[in-house]
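Here the structure is laid out as structure tokens; the discussion comes afterwards.
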Amino acid sequence: TVVITVGLLGNPNVGKTSLFNKLVGARQYVANWPGVTVTRIEGATTYKDYTLHFVDLPGVYSLTATSVDEKLTRDYLLFSPPNVTVVVIDSMSPEQGMFLLLEACELGLNVIAVFNAIDEAKKSGTKIDKSSLEKFLRAPVVLTSAHTGEGIEELKEKIVESFKRTTRPIVIDYGKETEEIIKEIEQCVEETFNKRFTAVKIIEGDKYARAFLKKDCPKDILETISQEIKTSIPLTKYEYITNVVQLSIQRTGEALTVT
Ligand code: GDP
Ligand code: K
Ligand code: MG
């Protein structure tokens, strides 16, 4: 059969492992990430003519690598990208997860957005407009519950569909001044998976991304990056997300009081 590799990406505590267990059942095993003692959990399930091979990735908040866990997840996505990346988002507080989703789309990964804990969202009166989210995020959206099993079969189907489709990175416009610096830095970056993504990460202060700067680039190039430019990048992403949430997710007063 054809094997489709699937990475489960998401913030900590959003239900990645619960979904993973629901998807693969007992067909799972534990390995280690190369060179470190962090466990790596993998497992497989059969769907139609395909074997879906899942990797439960360490939880992260962004694709900027500042810790070992973050670097493991990020390097896996950069250097051995899965065929499909499922970004798991908490339906009850989706903003932080959508931030990660947007970064995965910028990197150019083949992404599916999963809004999990839909059982809780329904109970609290939160209404999620799936087709509106799909329009703004330009990725398939599946609403799931790892507790009730809702959406699990649909997710498998969407994984196969995504596998058959090619994707292109989302390009966010960071504004004139920031875009000029991104272009300058891009000139100084070695040929990578996605030079623009690397340049953006360098501007954001990612020390691992800086390793991709060419040896002959002007020494003072990093000094031209002001704090304002640096912080404008995540701010622009959050502005975009706030707008999408406002247009696609309706939270009742009751939902807002849930902690
Ligand atoms: P991970 O850190 O992303 O792997 O998250 P876990 O799978 O460990 O889940 C974190 C917590 O959320 C656990 O207490 C789960 O029982 C709970 N949880 C996960 N998925 C769901 C869901 O779909 N609905 C509800 N109500 N709770 C969930
Ligand atoms: K939770
Ligand atoms: Mg987990």
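What you see is a predicted model; the values in this text were computed from it and never measured. As the structure lists them, so they are numbered: ligands from 1, and atoms in each ligand from 1.
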What atoms of ligand 1 come within less than 4.0 Å of a heavy atom belonging to [X]?
X	answer
Asp119	22 (C), 23 (O), 24 (N), 25 (C), 26 (N)
Ser145	23 (O)
Ala146	20 (N), 22 (C), 23 (O)
Lys16	1 (P), 2 (O), 3 (O), 4 (O), 5 (O), 7 (O)

Extract all donor-acceptor atom pairs below 3.5 Å that involve side chains of residues 131-140 and protein atoms in other chains or at least two apart in sequence.
| residue | atom | partner | partner atom | Å |
| --- | --- | --- | --- | --- |
| Ser131 | OG | Asp129 | OD1 | 3.3 |
| Ser132 | OG | Ser248 | OG | 2.7 |
| Glu134 | OE2 | Val141 | N | 2.8 |

Using a heavy-atom cut-off of under 4.0 Å, does the side chain or the backbone of Glu120 touch ligand 1, or both, or neither? side chain
Does [X] reach ligand 1 with a nitrogen or oxygen that is under 3.5 Å from one of the ligand's nitrogen or oxygen atoms?
X	answer
Val14	yes
Pro12	no
Asn116	yes
Asp56	no

Salt bridge present between Lys156 and Glu153 (N-O < 4.0 angstrom): yes
Polar side chain donor-acceptor pair, [X] to [Y], under 3.5 angstrom:
X	Y	result
Glu157	Tyr47	yes
Asp49	Thr1	no
Thr64	Asp206	no

Set of ring-ring contact (aromatic ring centres under 6.0 Å, His included) partners for Phe99, sequence neighbours left out: Tyr238
Check each of Asn11, Val88, Asn13 against atom 12 (O) of ligand 1 and report the one with the nearest heavy atom. Asn13
Heavy-atom distance to atom 18 (N) of ligand 1: which of Lys123, Met92, His147 wins? His147
When you measure from the side chain of Thr51 to the backbone N and O of Thr46, does any donor-acceptor pair fall under 3.5 Å? no
Okay, side chain of Thr178, backbone of Gly175: is any donor-acceptor separation there less than 3.5 Å? no
N, O or S from Asn13 under 2.8 Å to the Mg ion (ligand 3): no
